[in-house]
Amino acid sequence: MTGAMTFNEPAERVELRAVVADFAAGYGSGYYRARAGEGEYLTELWREAGELGYLGVNIPEEYGGGGGGIGDLAAVLEELSAAGCPTLMMVVSPAICGTVLARFGTPDQRRRWLPGLATGRTIMAFAITEPDAGSNSHRITTTARRDGDGWVLSGRKTFISGVDVADAVLVVARIRDEGSGTLSAALFAVPTGSPGFEARRIEMDLVSPDHQFQLFMDDVRLPGDALVGDPEAGLLQLFAGLNPERIMAASLAAGSARHALDKAVAYAKERTVWGDRPIGAHQGLAHPLAQVKIELEQARLMTQHAALRYDSGDDAGAGEAANMAKYAAAEACVRAVDQAVQTLGGNGLASEYGLGAAIAAARLARIAPVSREMVLNYVAQQSLGLPKSY
């Protein structure tokens, strides 16, 4: 029937999910927890995933990528997360930075950065959050001023992921118009070895292979081509990266929820303490797990919808859908992990099962990359037309 809607993913993406799931099973949650406990990155997984082409499925083919969309990359991350290997740098390097550079970078910038991002040999971090700005990006004070043919960058950033494994950081700064004095948003590609660039690790209670950093940029001198794209399109470029960020964060949360739910269901099918019936036969456990399954599938559908909107070029529609997907997936993840722990009882906090550490990781989904409250602000204002509250 002409114009009929379908909720089935393309056959190519279904096949992609299958091969990534098989690949990720070879690593699994044991590998992830071991690397995180050692304070080390998932280097082996990242390298092999890059060699197999999984990290660059959204990068244009002419630069060594798969030529797909953010929906394909999100599927890869969901399957990795479902196998117990949620790598945060997929949200940052190929999704945010790769998308921005592919859409807005100059030909030279695309040739310089995209082939490495596609294979994973190059990793790029993303820096927007500042100590005194938080969720209010209008208060960003990191600035860049012209200096001859180049730029001088100064400012601070905080909670920047993966700087220790990154070759460069895509930094959100402001450029002052010398004529009017107004500040406009701009993005700069800053190599991590640049003089004046310092990264200090933030100690976290969260046990993760993806570490957080404060950045200090003290008159970092950059060449003219460090400015990404057109400075007049700074905000457009920024949101072109933030919508994929939300879609990818939703996929990571959804995959993590699947991982927790799978553990809980497997345990509930086998554990017997009341006669010969497994504990999963009791509605006190069966119904909460079923509820988690329903909420998880709703979140996955919303995430796929958001990716479709973005990949079809509907940036405005993608913004609404991506925020909703991130909210729904974060809530589903928190509920899934909580119910998994409850299902396993004391074993839910035993290191053998890995769910104790997942409690903090799941809670993070409500905070980053955008808080639950800011998503609700967005929906209230943009979707419902209510007055702005902040």
Side-chain angles (χ1 to χ4, degrees), residues 70 74 77 86 88 91-92 95-97 99-100 125-142 155-161 170-174 183 185 187 202 204 206 210 212-215 234-254 256-257 295 298-299 302-303 305-307 309-310 314-335 337 360-390:
I70 203 66
L77 181 55
L88 182 58
V91 178
V92 180
I96 302 176
C97 302
T99 297
V100 169
F126 178 71
I128 182 171
T129 305
E130 294 189 0
D132 297 324
S135 297
N136 187 357
S137 57
H138 296 289
R139 294 189 62 184
I140 286 176
T141 59
T142 298
R156 293 176 59 192
K157 300 290 181 179
T158 192
F159 289 112
I160 309 306
S161 303
L170 190 61
V171 176
V172 180
R174 288 185 167 189
L183 293 169
L187 290 86
I202 302 171
M204 306 283 290
L206 182 68
D210 298 295
Q212 302 298 312
F213 291 84
Q214 287 183 311
L215 301 185
L235 283 177
L236 178 63
Q237 295 174 171
L238 177 58
F239 284 105
L242 294 185
N243 285 335
E245 177 188 46
R246 284 148 174 70
I247 293 168
M248 293 291 287
S251 297
L252 188 153
S256 298
E295 293 173 358
Q298 290 171 334
M302 193 71 216
T303 304
H305 171 66
R309 297 289 288 268
Y310 186 84
D314 181 8
D315 285 346
E320 178 186 58
N323 275 284
M324 290 181 175
K326 189 270 175 187
Y327 179 96
E331 296 303 304
C333 186
V334 169
R335 288 182 59 83
V337 171
R363 191 63 181 78
L364 179 63
R366 283 179 169 169
I367 301 170
V370 59
S371 71
R372 177 172 57 176
E373 290 72 22
M374 289 305 294
V375 171
L376 294 174
N377 281 335
Y378 180 96
V379 173
Q381 181 185 344
Q382 301 294 332
S383 304
L384 301 179
L386 294 173
K388 191 172 182 178
S389 60
Y390 58 97

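All residue numbers in this chain count up from 1 along the given sequence.
Partners of S161 by side-chain hydrogen bond (donor to acceptor under 3.5 Å, both in side chains), not counting sequence neighbours, listed by chain and number: Q212. A search for salt bridge (charged side-chain N to carboxylate O under 4.0 Å, His left out) contacts involving R174 returns nothing, not counting sequence neighbours. Considering only residues two or more places apart in sequence or on other chains, A257 meets the side-chain contact (heavy atoms from CB on, under 4.5 Å) condition with L296, C333, A336. Residues that satisfy the side-chain contact (heavy atoms from CB on, under 4.5 Å) test with E373, not counting sequence neighbours, are S371. Residues passing the salt bridge (charged side-chain N to carboxylate O under 4.0 Å, His left out) test with E130 are K157, sequence neighbours excluded. A search for side-chain hydrogen bond (donor to acceptor under 3.5 Å, both in side chains) contacts involving Y310 returns R103, not counting sequence neighbours. Under the side-chain contact (heavy atoms from CB on, under 4.5 Å) criterion, A368 pairs with L364, sequence neighbours left out. Residues passing the salt bridge (charged side-chain N to carboxylate O under 4.0 Å, His left out) test with R156: none are found, sequence neighbours excluded.
Screening residues 240-252 for side-chain hydrogen bond (donor to acceptor under 3.5 Å, both in side chains), with sequence neighbours left out, gives R246-N323. Among residue pairs with one or both ends in residues 321-335, those qualifying as salt bridge (charged side-chain N to carboxylate O under 4.0 Å, His left out) are E295-R335, E331-R366, E331-R372; sequence neighbours excluded.
When every heavy atom of I160 is checked against every heavy atom of F126, the shortest pair comes out as CG2-O, 3.4 Å. Between V334 and A362, the closest heavy-atom pair is CG2-O, 3.4 Å. The shortest non-hydrogen separation linking A254 to A329 is N-CB, 4.2 Å. When all heavy atoms are compared, the tightest approach of L170 to C97 is CB-SG, 3.9 Å. Taking every heavy atom of both residues into account, L215 and A127 meet most closely at CD1-CB, 3.9 Å.
Here the straight-line distance linking atom CG of L77 with atom CD1 of I70 works out to 9.5 Å at 0.5 Å rounding. Rounding to the nearest 0.5 Å places CE of M302 at 9.5 Å from CD1 of I247. Remark: L88 CG to M248 CE distance equals 9.5 Å, nearest 0.5 Å.
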List the atom pairs, with distances to 0.1 Å, where a side-chain N or O of residues 382-390 and a protein N or O form a donor-acceptor pair under 3.5 Å, not counting sequence neighbours.
from : atom 1 : to   : atom 2 : distance (Å)
S383 : OG     : E320 : OE2    : 2.6
S389 : OG     : N377 : OD1    : 3.3

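Looking at V172 and T142, their side chains never come closer than 4.5 Å, going by heavy atoms from C-beta outward.
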